[in-house]
Amino acid sequence: MGNRRSKGSVTAARNWSTFVARNKTVIEAAGLPALVTESINHWDDLLMHGYLDHHDDPTGFTVDQLSDGQYAALLQLVESYFVSGYEYFTPVVLRGEDRERLEMRYRTG
């Protein structure tokens, strides 16, 4: 008997793929390796730690490597992520002032 994915997980994966495709230019401008956007779990891991803490990453990528321009693109991508309707959480990877601004905009209750 084979393993079947639930309809919800298939939809979530399709939605994530669509988000990545729509934001391809910004992802490239941020200098993010493909592994970071391979899945929403990888992406969330990056936002929570600044690197892939819970996934293997042979590249050793860390947000600390980004130039100012790449960081600006990352910030734009994070904003697009929450604007697209993904549940807000504090993206620790961002600078304090950027986290505070997003917190005021997206935190509810």
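Only heavy atoms go into these numbers, but all of them, side chains included; no hydrogens, no water, no symmetry mates.
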Contacts of type salt bridge (Lys or Arg N to Asp or Glu O under 4.0 Å), residue Asp53, not counting sequence neighbours:
none
What pairs with Arg105 under salt bridge (Lys or Arg N to Asp or Glu O under 4.0 Å), at least two apart in sequence or on another chain?
Glu79
Before we go on, tell me: are the rings of His54 and His49 under 6.0 Å apart, centre to centre?
yes
Do other residues, nucleotides or ligands put more than 12 heavy atoms under 6.0 Å from the CD atom of Glu97?
yes
Should the heavy atoms of other residues, nucleotides or ligands under 6.0 Å from CZ of Arg22 be counted, would the total exceed 12?
no
Please determine whether salt bridge (charged side-chain N to carboxylate O under 4.0 Å, His left out) holds for the pair Glu28 and Lys24, giving the CA-CA distance in whole Å, both sets of side-chain angles, and the decisive distance to 0.1 Å.
CA-CA 6 Å; Glu28 290 172 354; Lys24 183 178 188 244; 3.2 Å; yes
Close side-chain approach of [X] to [Y], heavy-atom, < 4.5 Å:
X	Y	value
Val20	Ser17	no
Phe19	Thr37	no
His55	Asn41	yes
Leu94	Arg99	yes
Asp64	Tyr71	no
Trp43	Ile27	no

Let me check something: do [X] and [Y] share a hydrophobic cluster, defined by ILVMFWY side-chain heavy atoms less than 4.5 Å apart, either directly or through other members?
X	Y	answer
Tyr88	Leu74	yes
Met104	Phe82	no
Leu35	Leu46	yes
Phe61	Tyr51	no

With sequence neighbours excluded, residues passing side chain to side chain donor-acceptor pair (under 3.5 Å) with Asp44
Tyr81
Can you confirm whether the side chains of Asp57 and Thr59 place a donor and an acceptor under 3.5 Å from each other?
yes
Thr62 (side chain) donor-acceptor with Gln65 (main chain) under 3.5 angstrom:
no
His42 vs Val36, side-chain contact (heavy atoms from CB on, under 4.5 Å): CA-CA, chis, key distance, verdict:
CA-CA 5 Å; His42 284 78; Val36 168; 5.7 Å; no
Salt-bridge test for Glu103 and Arg107: reply yes if a basic N is under 4.0 Å from a carboxylate O, no otherwise.
yes
Give the minimum heavy-atom separation between Ala30 and Ala73, together with the two atoms involved.
N-CB, 3.6 Å
Heavy-atom nearest pair, Phe89 first then Pro91, reads O-CD, 2.9 Å
[atom1] of [X] to [atom2] of [Y]: how many Å apart, nearest 0.5 Å?
X	Y	atom1	atom2	answer
Asp98	Arg95	CG	CZ	7.0 Å
Glu38	Leu52	CD	CG	9.0 Å
Leu66	Leu32	CG	CG	6.5 Å
Ser84	Asn23	OG	CG	6.5 Å

